[in-house]
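Shown next, in structure tokens, is the structure this report addresses.
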There are 2 protein chains.
Amino acid sequence: MLTIKKIAEMAQVSRTTVSRVLNDSGYVSEEARKRVLAVIEETGYVPSQHAKSLRTKKTKVIGVILPKLSTETSGRIVNGMNDVFQEHGYQILLTSTNLDVQKEMEYLRLLKSRQVDGVILIATNINSKLKEEINQLNLPFVAIGQDISGVSCVTYNDYEAAKAMTELLIAKGRKNLAFIGVDESDRAVGYDRKQGFIDAIKKHGLLLREEWMEKGKFDIESGYEAMKQIIHKAGGGPFPDAVFGVTDRIAIGAMQFLREKGLQIPKDISVAGIGASEISRFVHPPLTTMDYENEKAGQQAAQILLEQINTNKEREKKVKLNYRLLERDSI
Amino acid sequence: MLTIKKIAEMAQVSRTTVSRVLNDSGYVSEEARKRVLAVIEETGYVPSQHAKSLRTKKTKVIGVILPKLSTETSGRIVNGMNDVFQEHGYQILLTSTNLDVQKEMEYLRLLKSRQVDGVILIATNINSKLKEEINQLNLPFVAIGQDISGVSCVTYNDYEAAKAMTELLIAKGRKNLAFIGVDESDRAVGYDRKQGFIDAIKKHGLLLREEWMEKGKFDIESGYEAMKQIIHKAGGGPFPDAVFGVTDRIAIGAMQFLREKGLQIPKDISVAGIGASEISRFVHPPLTTMDYENEKAGQQAAQILLEQINTNKEREKKVKLNYRLLERDSI
DNA sequence: AAATATTGTGGAATCGATTCCACAAACATA
DNA sequence: TATGTTTGTGGAATCGATTCCACAATATTT
């Protein structure tokens with residue numbers, strides 16, 4: 001393997017001088033510099049990052065923990081982060097937990113052992129053990145999506161977004177609202193959005209029907225099933241005239257079922273989701289949804305992390321992002 | 001920082017012994033082992049991967065170069081790779097070129113400097129410079145999506161897939177086929193698929209109309225524009241009764257334009273794509289497309305790479321994956 | 001011409017692990 | 001008891017860079 005020592009020999013200078021050329025530090029005569037650069041060019045020498053990191057304690061690598069690779073949301077967030085990190089010469093080391101909470105902790109340790117300069121966690125379910133692990137991580141850290149006490153977080157305004165969407169449905173004259181959520185262990189998506197829905201219903205003095213509130217699992221199929229349940233429970237009695245799915249995919253699954261049932265959207269029933277997935281534009285009719293601007297979340301998180309890295313201060317910074325309503329024909 | 005030396009002191013053994021406990025190598029008395037493990041548990045010590053890699057020349061990191069983060073295809077491929085790598089304790093270091101060919105080379109070097117154990121390139125456009133860079137990379141390497149001479153590749157059967165799809169349209173009784181491709185510098189998507197289309201047309205003795213062959217750019221908008229051009233050129237004369245877009249998004253863009261024009265799909269005109277994007281199932285009508293099983297491509301590439309890493313042989317292995325037709329209502 | 005300031009270079013320690021080797025202790029065998 | 005074998009441990013070199021420090025060679029000032 002090509003090392004700094006060999007290069008030094010070939011250029012007839014010392015290792016120190018080569019290092020100086022590489023890092024633009026200290027005094028190097030123009031002549032020596034030229035010779036070194038020539039040899040580097042010639043040999044294609046690339047300094048070992050490991051040796052460098054060992055010495056400098058900096059790796060220029062950011063660890064990112066995703067709940068699931070290749071979901072649209074993850075992709076967008078990572079994209080946003082990448083914009084910022086790339087600009088500053090940082091690489092992303094990706095890990096995916098596939099929704100396994102145990103792995104989240106495992107990866108935190110792993111990333112630490114790789115001496116990443118910082119960690120970004122795209123969080124779903126937060127338990128106290130994980131919190132503890134994070135707090136004693138002692139590394140620049142930012143969470144996205146969930147509010148975790150004691151660390152910097154970039155979160156969405158889930159409560160307000162859900163409330164606003166529900167109020168929009170009500171403003172459209174809908175009075176019998178159904179709801180499809182997810183498990184409340186996901187505080188942001190499961191709990192906050194549900195509360196937003198409930199509070200909007202209450203605020204407007206409408207009837208909150210527990211039997212019209214179902215749980216899905218983030219995918220289209222579960223939205224379909226949940227909708228089926230709701231319709232089943234409604235039986236021949238009063239019937240929902242709107243359904244709010246906490247994710248686009250859930251809403252789209254619901255739409256599928258409704259269409260099969262021969263119901264017209266939005267004439268018979270309105271449908272709304274959250275997430276502004278690309279697919280939401282192309283279903284029929286186009287789905288009304290909330291854009292969370294995930295790229296921005298990624299960018300913000302990256303910026304906050306870089307700030308932490310550069311200032312060495314571990315400030316607990318909280319950023320709550322805005323949502324943007326995309327009103328389309330489904331309501 | 002916690003080092004092996006400190007642990008050794010605390011456990012009252014030598015550094016060597018700690019290392020042996022960590023790596024299950026050499027003789028360690030039960031007593032010494034217990035003490036060491038206790039201290040490690042207590043302190044939460046995690047060995048530095050850099051020091052380790054410096055010594056062992058193994059990083060357990062695979063560099064992945066993507067053309068674009070967060071496209072559905074990339075996501076699926078990375079997902080597939082991750083399945084395999086995770087199982088073997090490898091991490092993925094992600095880089096994205098955002099379609100900048102210059103960056104592809106830059107990242108190859110960068111990954112080398114990080115001493116990744118191998119590199120997977122999801123290729124789009126291959127020029128000779130890049131080929132050269134790859135050949136002198138001297139690292140386990142696999143390309144996905146494009147066939148590059150001299151290195152292992154996992155490719156799709158683009159020619160046959162496009163030909164088969166075209167023949168399906170012909171079998172449905174369509175005779176006036178339009179085509180929306182992409183730039184041919186992307187050999188697989190741009191050139192091979194186009195050839196498949198052309199050869200199918202010729203084989204069946206149909207008329208190949210150059211003016212009905214347009215170029216798009218992978219996104220929905222460009223499919224829309226390309227379709228507009230084709231219709232414009234057709235003017236009042238003979239009119240296409242089918243259009244084949246080389247990606248689902250292009251096809252969907254075309255569908256959008258056709259619908260706006262008041263044309264009925266598939267009554268007036270058939271539409272087909274390639275890629276089996278999720279969205280293809282939910283447009284109206286559902287799009288006929290080819291499933292390339294990208295996860296499998298990622299898995300295969302990962303397996304081939306691991307083989308190269310483990311055997312140290314640099315065999316040039318070529319895998320061509322099959323396609324699967326998904327016939328839906330758009331034709 | 002002597003004293004001082006500025007530049008360029010190499011020696012050597014260092015980062016945190018692994019691993020070869022030598023040695024010592026414990027045990028078994030003749 | 002003397003000898004050989006098995007185990008357990010630590011010393012020290014090593015991986016490939018960075019960086020402090022000392023020194024030498026110039027250049028500049030008195």
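The chains referred to below are lettered A, B, ... by the order of the sequence lines, with proteins before strands, and numbering in each begins at 1.
With the nearest nucleotide of DNA chain C identified for both B:Ala51 and A:Gly26, A:Gly26 has the one nearer the 5' end. Two residues, A:Ser29 and B:Thr3, neighbour DNA chain C, and the one matched to the more 5' nucleotide by heavy-atom proximity is A:Ser29. Map B:Glu30 and B:Arg55 each onto its nearest nucleotide of DNA chain D; the residue landing nearer the 5' end is B:Glu30.
Going from atom CG of B:Leu22 over to atom C1' of C:dT18 covers 11 Å, rounded to whole Å. A:Tyr27 has its OH atom 17 Å from the C1' atom of C:dG10, to the nearest Å. Distance CD (B:Glu9) to P (D:dG10): 12 Å, rounded to an integer number of Å. Rounded to whole Å, the distance from CZ on B:Arg15 to C1' on C:dT14 is 13 Å. When the P atom of C:dT7 is taken as reference, atom CD of A:Glu31 falls 18 Å away, rounded to whole Å. Between B:Ile7 atom CD1 and C:dG16 atom P there is a gap of 12 Å when expressed in whole angstrom units. Atom CZ in A:Arg20 sits roughly 17 Å away from atom P in D:dA17 (whole-Å rounding). In this structure, the NZ atom of B:Lys58 is 12 Å from the P atom of C:dT19, given to the nearest Å.
Using a 4.0 Å cutoff on non-hydrogen atoms, no part of residues 33-47 of chain A comes near DNA chain C.
At the heavy-atom level, B:Thr16 lies under 4.0 Å from base atoms of the strands shown. Residue contacts for B:Ser19: at a heavy-atom cut-off of 4.0 Å it reaches a base atom on one of the strands shown. In this structure, A:Lys5 reaches neither bases nor backbone, as no heavy-atom distance under 4.0 Å exists between it and the strands shown.
The CD atom of B:Gln49 sits 11.0 Å away from atom CG of A:Leu111, with the distance rounded to the nearest 0.5 Å. Distance check: A:Ile144 CD1 to A:Thr124 OG1 gives 13.0 Å after rounding to the nearest 0.5 Å. Atom OG of residue B:Ser19 and atom CG of residue B:Asp24 lie 10.5 Å apart, to the nearest 0.5 angstrom.
Remark: the B:Thr73 side chain and the B:Asn294 side chain contain no N/O donor-acceptor pair separated by less than 3.5 Å. Checking A:Ser53 against A:Gln115 by side-chain atom types alone, no donor-acceptor pair falls below 3.5 Å. Checked by atom type, the side-chain pair A:Asp186/A:Gln146 shows a donor-acceptor distance below 3.5 Å.
Listed pair A:Lys57 / D:dT18 fails the phosphate criterion, with no side-chain N or O lying under 4.0 Å from OP1 or OP2. In terms of phosphate contacts, B:Ser48 brings no side-chain nitrogen or oxygen within less than 4.0 Å of OP1 or OP2 of C:dC15.
Aromatic ring pairs are classed by plane angle as parallel below 30°, tilted from 30° to 60° and perpendicular above 60°; the pair A:Tyr292 and A:Tyr156 is parallel.
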